[in-house]
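Notes follow the structure.
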Amino acid sequence: MKKLTVILLALAVVMLPSCKNQSKKKAAQEASKTEISQKEKLVTEELKLNLQALSESVSKMKSVPFIYSSNGAVKLSPKEKLVKPDYLLNPALVSDLVTLTQKYRAVAMLSVDKAVAELYDMPVKEYEDFTAKVAMDINDAALLEFSESLQANKGAGDAFSAFYDAEIEANRAPFFWEAAAAGMVEQLFVCTKNLDKFIGMFDDQSASDVTYNFVCVHEGIKSLIEFYPEMESLNTILDPLYVINAMNVEQLKMQLIELKGEIEVIRTALLN
């Protein structure tokens with residue numbers, strides 16, 4: 001009995017430091033959890049402030065003039081309409097898309113191409129069907145509404161703003177910038193394919209709007225990288241276009257000529 005008592009006392013002596021260490025370890029873990037929770041809270045609040053600060057800027061974003069074809073602002077002659085553009089995306093490409101990022105980008109780009117197809121009196125039902133299919137697949141009605149609003153010429157600023165607010169509410173902030181950026185790249189790509197014709201649709205204000213849009217997108221993406229590191233990829237893809245700083249039509253034309261090759265590479269990269 002004495003031996004058993006001695007053994008138990010010995011074990012207690014041995015285990016005492018271990019128990020103390022376990023208690024310290026547990027206390028440290030609890031403190032760490034509290035610290036992480038507090039940090040997450042601060043990060044979330046900072047993100048909200050960043051997003052709110054960008055809201056007004058987003059409402060001032062504009063599309064390029066050929067998007068507004070429905071109000072008659074853009075005219076193509078019957079002869080011009082005979083030469084159909086061969087550079088538009090095939091709507092069937094959506095069947096090969098895998099990631100959400102690709103799908104958001106594709107919807108924005110197809111929306112631009114649909115507007116161009118309408119200019120040339122080309123069938124657009126495929127664009128509508130495939131755009132609706134993607135929006136349904138990803139369960140984001142706001143994306144479809146954004147696409148339809150732009151095509152219906154309801155005001156780009158209002159369309160961007162409503163889409164932005166909806167994505168923020170749904171915790172999909174990165175996807176707003178994915179779609180917005182892809183749509184802008186597609187607009188510039190279309191312009192470079194027939195620059196002499198499309199540049200004539202710009203005035204100095206709409207030319208400077210292109211610069212504003214890219215500044216806004218750049219700021220939006222940068223504000224999210226800390227919270228969504230995957231946004232760094234989009235920022236890298238767009239990097240060559242951040243040099244755009246046109247304040248008038250002539251400057252925009254020269255910059256699009258210089259960037260034509262880069263724009264085509266970026267357009268391809270967005271869907272890969």
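- Cluster annotation: Leu224 is connected to Ile221 through the hydrophobic network of ILVMFWY side chains, with a link wherever side-chain heavy atoms come within less than 4.5 Å.
- Side-chain contact between Leu97 and Leu93 is present, with heavy atoms from C-beta onward closer than 4.5 Å.
- A distance-only check finds no donor-acceptor pair linking the side chain of Glu80 to the backbone of Leu76 [under 3.5 Å].
- If you check the side chains of Asn245 and Gln255, you find a donor sitting under 3.5 Å from an acceptor.
- Defined by atom type and a distance below 3.5 Å, a donor-acceptor pair is missing between the side-chain atoms of Asp113 and Tyr87.
- In this structure, the side chain of Ser208 does not engage the main chain of Asn248 through any donor-acceptor pair within 3.5 Å.
- Counting only distance, with no hydrogens or angles, the side chain of Gln251 and the backbone of Met247 share a donor-acceptor pair below 3.5 Å.
- Distance check: Ile225 CD1 to Asn235 CG gives 4.5 Å after rounding to the nearest 0.5 Å.
- To the nearest 0.5 Å, atoms CH2 (Trp177) and NZ (Lys222) are separated by 12.0 Å.
- Side-chain atoms of Ser233 do not come within 3.5 Å of backbone N or O of Glu230 as any donor-acceptor pair.
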Walk me through it: do Phe214 and Leu188 pass the test side-chain contact (heavy atoms from CB on, under 4.5 Å)? CA-CA 11 Å; Phe214 274 102; Leu188 294 191; 3.4 Å; yes
Check the pair Lys125, Glu128 against salt bridge (Lys or Arg N to Asp or Glu O under 4.0 Å), reporting the backbone distance first and the verdict last. CA-CA 5 Å; Lys125 190 174 187 305; Glu128 295 168 348; over 6 Å; no
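- Formation of a donor-acceptor pair under 3.5 Å by the Arg105 side chain with backbone atoms of Ala179 is not found in this model.
- Annotation: side chain of Leu119 is in contact with side chain of Phe198 (closest heavy-atom distance under 4.5 Å).
- With rounding to the nearest 0.5 Å, the separation of CD in Glu126 from OG1 in Thr131 is 10.5 Å.
- Across all non-hydrogen atoms, the minimal contact from Val249 to Ala207 is N-CB, 3.7 Å.
- For the ring pair (Phe, Tyr, Trp, His ring centres under 6.0 Å) test with Tyr164, the passing option among Phe176, Phe175, Phe146 is Phe176; the others fail.
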CA sep, side-chain torsions, deciding dist, call: Val243, Leu259, side-chain contact (heavy atoms from CB on, under 4.5 Å): CA-CA 9 Å; Val243 300; Leu259 292 168; 4.1 Å; yes
Any chance you could lay out the salt bridge (Lys or Arg N to Asp or Glu O under 4.0 Å) test for Lys260 and Glu264, step after step, and finish with the verdict? CA-CA 6 Å; Lys260 182 177 180 179; Glu264 189 158 355; over 6 Å; no
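- Separation of atoms SG (Cys191) and CD1 (Ile257) is listed at 12.0 Å; rounding is to 0.5 Å.
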So Asp137 and Lys133, salt bridge (Lys or Arg N to Asp or Glu O under 4.0 Å) or not? Walk me through it. CA-CA 6 Å; Asp137 286 346; Lys133 179 182 183 301; 3.1 Å; yes
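- Side-chain atoms of Pro174 and Phe227, non-hydrogen and from C-beta on, never get closer than 4.5 Å to each other.
- With contacts defined as side-chain heavy-atom distances shorter than 4.5 Å, the pair Glu250/Asp204 does not qualify.
- For Leu270 against Ala182, the heavy-atom pair with the smallest separation is CD1-CA, 3.9 Å.
- With contacts defined as side-chain heavy-atom distances shorter than 4.5 Å, the pair Met231/Glu178 qualifies.
- Nearest heavy atoms, Ile138 versus Lys103: CG2-CD, 3.7 Å.
- Two residues are said to be in side-chain contact when any heavy atoms from C-beta on lie closer than 4.5 Å; Val107 and Val94 fail this criterion.
- A pairwise comparison of heavy atoms in Val112 and Gly183 identifies CG2-O, 3.6 Å as the closest pair.
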Stepwise side-chain contact (heavy atoms from CB on, under 4.5 Å) check, Lys114 with Phe130: CA-CA 11 Å; Lys114 176 178 178 280; Phe130 280 101; over 6 Å; no
Apply side-chain contact (heavy atoms from CB on, under 4.5 Å) to residues Ser111 and Tyr127 and explain how you reach the verdict. CA-CA 7 Å; Ser111 299; Tyr127 290 97; over 6 Å; no
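- Note that the NZ atom of Lys81 and the OH atom of Tyr120 stand 10.5 Å from one another [nearest 0.5 Å].
- In the hydrophobic cluster analysis, where Ile, Leu, Val, Met, Phe, Trp and Tyr join through side-chain heavy atoms closer than 4.5 angstrom, Val265 is grouped apart from Ile237.
- Note: Thr236 OG1 to Ile266 CD1 = 11.0 Å, rounded to the nearest 0.5 Å.
- Asp203 and Ser206 are linked by a side-chain donor-acceptor pair at a separation below 3.5 angstrom, with hydrogens and angles left out of the test.
- Other residues, nucleotides and ligands contribute only 12 or fewer heavy atoms inside 6.0 Å of the CE atom of Met136.
- Leu195 is listed as a side-chain neighbour of Lys253, based on a closest heavy-atom distance under 4.5 Å.
- In this structure, Ala117 and Val124 approach most closely via the heavy-atom pair CB-CG1, 3.9 Å.
- Nearest heavy-atom pair across Leu110 and Pro91 is CD2-CA, 3.9 Å.
- Looking only at side-chain heavy atoms (C-beta outward), Leu89 and Leu271 come within less than 4.5 Å of each other.
- Put simply, Tyr242 and Ile244 are part of the same group of oily side chains (I, L, V, M, F, W, Y) that touch within less than 4.5 Å, one to the next.
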